[in-house]
Each structure stands twice: as structure tokens, then as C-alpha cells.
Amino acid sequence: HGKVTEMRGLSVIGMGLCVTAAVAAGVTATPPLPSAEGVTEGGLVFKLEPWGTDAVRVRIAAPNTELSEPITGALNSTTPPPARDASVQAEAVDGTTVTNGAIEASINPGTGLVTITRARDHKVLLAMQSLTWGPTPNSSRPNAVSAAVEFTGLGPTERIYGLGEHKNNRVEQGGGEGYTKVFADSLFYGKSQGGDVSIPWYMSSEGYGFVWNLPSLGSVSLTQDRIQWVSNATQGVDFWVTTVPPPAPEPNPTPIEDTLFGRLLHNYVDVTGHASPMPSWSTGFIQCKDRYRNQTQLLDVARGYVTRGLPISMIVIDWFHWTEMGDMGLNPACWPDPQAMVDELQGMGIELMITFWPFMGMPYPNGTIVSRHWTEFNSKHYLANSTATGQPEGIWAYRTPTPNALIDSTNPEAMKAVTDHWFDGYGKFGVKAVWMDESEPDHSRYISGGQWQLNAGSDTEVLPAWVKYWAGGFADKFRELHGDDFLILSRNAWAGTWSSGAALWSGDIGSRFSDLQTAVQAGQGASMSGVALWTTDTGGYAGGNPADPTFQELIVRWFQFSAFCPLFRLHGHRAGGPPEDQCGPTNGDNEVWNLAQNQSHYDAIAAVMHLREDLRDYVLRLNALSVATGVPMMRPMVLQYPSDPVCVNSSAEAQFTLGDDWLVAPVTASGATTWPAYLPEVGPTHTWVYWWNQTAVKGGQWVNVDTSSIADFPLFYRRPIATATNSDGRRAEV
């Protein structure tokens, strides 16, 4: 162990010189947190560091390489953040072990394998079984390799939550079949339809949370045989683990932030970034369709909501509102007076969101320019280059005269140019919301690695985090202009994108009842992954025909779900509509009065719209808690009721709560005349109230709700017993 001892000695000497110099200069220095660092007998440089509350960061450099930071990381700082409790002391022992509050990490200097334990009861949380290095042809950094870290597999009853937004109809991702994902699959629309999002974080019912702190393409597999994380191009492995002290029995209900998963989420957002608060104008109903094609049409729809007394807080302009791809502004032939449009909308209490795509139209083969910004972005190297040619590549084309190149979000100067042009094209009119569609970024050819070169590195090294740079650049511009009074809606996410104010939605999901069921569980999975704001395309994006009776039923049932999501948004590509004109297609109608084919459907939709309007202050309070602690607004039953066996065993994954007080079990089958919901025990001072007839219902049981009326679905409110039987007006009692 001589090399380990020698390295530890150098580390201590360096620390002492730093503190002494600071004292000599009359400056109060904060001593570095103790860490275990050295070199394994196999020659691998390692460092185990306290990192936040009850957490450690583990780094092991690749062979023949010194420790280095990743190109960008899930962790939002390159220096160790302190624990929330300043009295907690970290300690390094023997150069191979570090403790930080409730967690301990140790490395075997002979094998280089790391074990993570809970310090107080010595429970093993993670035990590394192997660390394998291999070649990579797709790196821009010296001595880069591929790396695979393998830990002991999941226990037979271990439950896993997080990992992003997925369409596998599960909230719990462990279980018998486990979870496996290739990150490139999530980024490829041909496989994901923009609705599969990989976030490198999970929580285990065994009492820990884990972050893979590398932005590279690779994969993850969690099964009973093994837990494996793979990076296809890196200079070392880098991960973060957190735990909480040994749990005491959790009464039901426990304050959400004090539960196991609540505390793990808090530790997680402390190091990846707390969410930016949602503006009050984003808490209500958001009207959108594919697509409003001109200013007159959009304003007519906005006026239609106001004159009908239907709540609306935002309306959206979708794709191809520009003249050419990459022009970054509204086509003046179709949107002749943006300032007057924004002013009228805001006068009605409605904010405007406009979609923004990350592409630049390429010139014709004869050199004729398509986008007015092409020369700037090409000459200044603001675009992703093909590794084969060293030039921008046409990666995507749809309804454009030429292919489109990708803007390089990892280039800070490119992002400054993008957001400056965004302001000139949109922001100067008072627009404070951007819809970051296509933000995987979309590409027509599968990217396995080695096809694109970006400013920060190769696609293999950094592509999963492209969206973090993209969202971060827009957040910087918005904060310069408006502080936190802005909203970003993105089709992709990565660790920490919520700190840039980026919400996530379910992608281009279909318009079937099975897709509604998928959305119910996908949203809960995203919530357990750190995503503070999530929404869905109410009615589904693709395939909805307003003339189809099944779709007419589906749209009502989808409204009854989405009204209780963190963001409440209607969107879709509907069948029908008038022919194209000079401003393009507009497709079928997607407004409430056009979708509701009879009065009962209209009344059912209006009922949940008005209820959501009354809940806007409640939504803001939930969001404030989420911003402070990482606890999501949309909560799986196991998060809200962690000691209830029905919630724990995943039997109630088809329902969720919005905060502490509202429980919803969306109806996800056509023609259902009854629908089940599970009501946990809520203690002696509260009871459940079925919202639609104000009947008090005892907790600790399954109930079947009569859903033969399209207006009825399982919606329960947790209310103090003293007021549980009051019935003097539903909306007044919210």
C-alpha cells in the first residue's frame, strides 16, 4: 500500500501550505473537506470525497490518466458542497475510507473496487464487483477509454425509482424484469418518439440514491444479476451516492420531505440543482395545437376561451411559424404585428409561448443561402460538424427545402448568438416562454457515437447532456431579462435541467387509451427523477380524430388526468382541417368547444378546468416546496404513503397524488362504468372526500367509483374531519 500512503502524504502537505498561505495573507480560509485519495496497486488514481448531505463522490481515473472533471457533469459544482447540517463532520481514514454523516465509502487498494455502506449500522448499500476498461475510437480527450462499472445486483424485494421518463408502464423500475437502457435509444426519435428520457439517477428502497456523473453515451442495467453503468468514452468513472440515517418507523402519513425518498431527493437536488420556480401565469390552462398558422387564428382562439368563460393562462405558437429554418423569428406574412398580438393576449391575462428549434437551414447545393443566419453560424463554427467531413451536416429534414444542421449548444458563443437572436425575434415583444421542441436533439440517423463533433467534445462524450447546455443558455438569457419569471418546456431532460426552469412533457404520444395509461406512469417516473414540472399532450399528440366517438371519450378522460399534472396543457395533431395556405397547414380543431361533441362532454371538461383554476395557489405552494426540497408536485403513492403496503408493492401505480391533498385515479379504458382507487389511511384527524358528491370515505381500502357518467372519475380530497361533510359548494371549499 506504499503508493496510497505516499499520495495521502502529498495531499496533506498541499492542504497545509494552502491554509498557511491564506492565514499569512490575513484571509480566513475554509479548510478543504477531508478526502481519501491515492493510487491503487494497479496504478489507478482515485478520490473519495464528501459531497453534500450524507453523500460521497467517487472518482477513479482511467489507466495512465490523472483525475479530471467530466466535460460536464450531473453534479452542478466541481467543488464539494457542504452538508445542510453544518455540525456534521466528514472524516478520512487510512487514505482509503471517507465518512460523511450517514455514509461511508472505502476502496480496496489492491483491487480498486469501492464499497458504499451506511455508517451507523454498517449496512452495505453498493458493492462494486468489477471495473472494466476498453478502447474507444470516439473521444476528443487524451487517454480516453470506455468504462463499465458493475455492482452487486438488486435484492429480491428491492424497489427502484427514477431513471427518467419511460413508456414501459411502470413507476417502479426494478422488480423481476429489471431495467436496461441504451442512452442513444432515448435520444433517437425513431425509437422514442420524443417520449423516452434517460436521467442518470435512481433511488433504492434499500436506502440510497445514485448519480452517474458522466455525460457520455453508454448504458445502464439494473437487474438481480447486476447493476451496471457503461460509458462509451471517458477519462475515468465518476459517480455519487447518498443515503439517510437508519430509518425509524414512518407513521402514515409522514411529512413528505421527511420520508426516505423525500430526503434522498433533497440530497439529490442539492448537488444537481434546485428547480427554478414556476411563474404564476404557468399554473393555469395552456392551449396549444399543431398548429395555429397565423395571428388572426391564434387571437380568435384566445378570445373564444375568454368569451366562453373558460380559464386560460397561456397559448402556444407551434412549429414552422418562421420563414426559413434558423431564421429565429415570426414570418411577417402570417404574424404581421407580434407586439399588438402579445399586448392583446396579456390584456386578457394570457401569456404567449413560442416553439424554438435547434436547427439551421443549410444552403442549396448551388450555394444559395436559405436561413438569414447561416453565414454567421457557419463561419463562426456554431454548428455541429460531421466527423467524416469536418463540416456541418444535414442531420434532419422535414418540410424544408434543404437539410438542417444542428446548433452546437456546447459552444457558449453559439448559445449567446442564439439567445440574442431569440430576443430580437420573440423576446423583445414580451414573450417569456419558449417551447424547446426537438431537444434530444432530433436526428434522422441513429447516433451510436463518432458521427458528430461538438465544441465540448465528440457526440460519444457529451450528447446526452446536449439539452443541459441548450436549456442553460436560454435560462441565462431569461434571467438577464426577467429574473425567474420565465418558463421553458423541453422534449428532453438530463440531470439538473430543472434548475434552468425546464419542464418536460410526454413527447409525441399516441391518442389511444393505452397511451393515456402510459402517460400516467411516465409522469410519475419523471417526478421521481427530479423533474419538477411535467405535462402531457392532453388527448395525445398523434392520431386523434374529433369525429371519432372513442376519441371524444378519450379527450374528456385525458383532461381529467392532465388537470392534476404540474402543468395543464392541451396539444395534439388532430385529423381534418382546411387546406394549406401560404402560412402552411393548420390541421383539425383542438379547442375545448370543438373537441366536446355534446354538452355532457363540454361540461365535464369545463368542470376540471375550473377546478384547476381554483387550485392555482395550491399549485404554487406545491411548487415552492418542490423548489426547496426536490419533492415532486406529482407524487407516486409510494412517495406519499411509504409505509402503506399497497402503495409499497406497486399495486396502486395507476393513480397518484397532487401534493398532500388530492388523489386522482384517471380512467384509462373506454366504456368503463366503474373504476378502482386505493385510499390509504390518513390518520385520525383527516378523511377522504369524494369530490363529486362530497361524501366522506374511510381510508385503508380500495373503492370502486361509478364512472358511467363521463363527468365522474376517482378524485378524492384529503380533508380534516371537522369539515369533511360540508357541502356548500365544491369550488368554494378548495
Side-chain angles (χ1 to χ4, degrees), residues 51-55 76 81-88 100-103 118 120 159 161-162 171 199 201-211 240-278 495-496 498-499 523-534 564 566 615 617-644 647-648 656-663 680-683 685-686 718 720:
W51 207 275
T53 298
D54 297 318
N76 66 353
R84 288 191 300 275
D85 183 352
S87 67
V88 174
N100 183 27
I103 201 165
R118 198 161 56 192
R120 296 186 187 178
R159 303 180 312 280
Y161 300 94
V171 180
I199 296 175
W201 148 262
Y202 72 86
M203 297 181 288
S204 166
S205 61
E206 290 299 303
Y208 72 94
F210 180 97
V211 169
W240 176 89
V241 187
T242 187
T243 189
V244 301
E250 295 178 322
N252 222 9
T254 299
I256 189 72
E257 58 270 30
D258 293 335
T259 64
L260 167 63
F261 294 136
R263 295 173 73 176
L264 291 176
L265 284 164
H266 198 166
N267 295 353
Y268 168 55
V269 299
D270 278 352
V271 299
T272 59
H274 286 253
S276 184
M278 69 189 303
W498 42 86
S499 67
Q524 295 179 66
S527 294
M528 295 290 266
S529 303
V531 176
L533 297 176
W534 185 89
F564 299 92
L615 287 172
D617 286 343
Y618 175 74
V619 169
L620 274 179
R621 293 196 300 272
L622 293 182
N623 181 252
L625 178 66
S626 185
V627 169
T629 68
V631 169
M633 303 160 68
M634 181 182 188
R635 301 174 185 170
M637 298 301 293
V638 69
L639 175 62
Q640 187 67 34
Y641 296 98
S643 61
D644 187 299
C647 300
V648 168
F656 61 94
T657 70
L658 179 64
D660 292 337
D661 293 338
W662 291 88
L663 185 152
E681 291 280 3
V682 288
T685 61
H686 287 73
R718 187 181 68 101

(Q) Measuring only between side-chain heavy atoms, which start at C-beta, is Asn623 closer than 4.5 Å to Pro277? (A) yes

Q | Nearest non-hydrogen partners of Gln524 and Met637, listed with the distance | A | OE1-N, 4.3 Å

Q) Going by heavy atoms in the side chains, are Tyr208 and Ile103 under 4.5 Å from each other? A) no

(Q) Working note: Ile256 + Leu639, criterion side chain to side chain contact (heavy atoms under 4.5 Å, CB included); need CA distance, chi angles, decisive distance, verdict. (A) CA-CA 7 Å; Ile256 189 72; Leu639 175 62; 3.6 Å; yes

Q: Mind running side chain to side chain contact (heavy atoms under 4.5 Å, CB included) on Arg159 and Val648 for me, showing each step along the way?
A: CA-CA 9 Å; Arg159 303 180 312 280; Val648 168; 3.3 Å; yes

Q. Could you state the interatomic distance from CE (Met278) to CE (Met633), rounded to the nearest 0.5 Å?
A. 5.0 Å

Q.
Contact between Thr242 and Asp270 at the side-chain level, heavy atoms closer than 4.5 Å - yes or no?
A. no

Q: Mind listing the closest non-hydrogen atom pair of Gly525 and Ser529 along with its distance?
A: O-OG, 2.8 Å

Q) Rounded to the nearest 0.5 Å, how far apart are CE of Met634 and CG of Leu533? A) 12.5 Å

**Q.** Ion pair check, Asp54 and Arg118, cut-off under 4.0 Å
**A.** no

Q. So, for Ala532 and Ala275, which heavy atoms are closest and what is the spacing to 0.1 Å?
A. CB-CB, 3.6 Å

Q.
Let me confirm one number: the CH2-OG1 distance from Trp498 to Thr272, rounded to the nearest 0.5 Å.
A. 5.0 Å

Q.
Using 0.5 Å steps for rounding, measure from the CG atom of Asn76 to the NE2 atom of His274.
A. 8.5 Å

Q. Less than 4.5 Å apart, any side-chain heavy atom of Tyr161 and any of Val171?
A. yes

Q) Arg635 versus Leu622: any side-chain heavy-atom pair under 4.5 Å? A) yes

Q. Side chains of Val682 and Tyr641: closer than 4.5 Å at any heavy-atom pair?
A. yes

(Q) Under 6.0 Å between ring centres: does that hold for Tyr202 and Tyr268? (A) no

Q. Closest approach of Tyr618 and Asp660, non-hydrogen atoms and distance?
A. OH-N, 3.4 Å

(Q) Run Asn267 and Trp240 through side chain to side chain contact (heavy atoms under 4.5 Å, CB included) and show every step you take. (A) CA-CA 11 Å; Asn267 295 353; Trp240 176 89; 4.2 Å; yes

Q: Decide side chain to side chain contact (heavy atoms under 4.5 Å, CB included) for Val631 and Thr259; before the verdict, give the C-alpha distance in whole Å, the side-chain angles of both, and the deciding distance to 0.1 Å.
A: CA-CA 10 Å; Val631 169; Thr259 64; over 6 Å; no

Q) Under a 4.5 Å cut-off applied to non-hydrogen side-chain atoms, are His266 and Glu257 in contact? A) no

Q: Would you name the heavy atoms of Ser204 and Phe261 that are closest together and state the gap between them?
A: O-CE2, 3.7 Å

(Q) Once rounded to the nearest 0.5 Å, what's the spacing between atom CZ of Phe210 and atom CG of Leu264? (A) 14.0 Å

**Q.** Rounded distance (nearest 0.5 Å) linking atom CG of Leu265 with atom OG of Ser626
**A.** 9.0 Å

Q) Hey, does Arg718 have a side-chain heavy atom less than 4.5 Å from the side chain of Pro680? A) no

**Q.** Trp662 side chain to Phe656 backbone, donor-acceptor under 3.5 Å
**A.** no

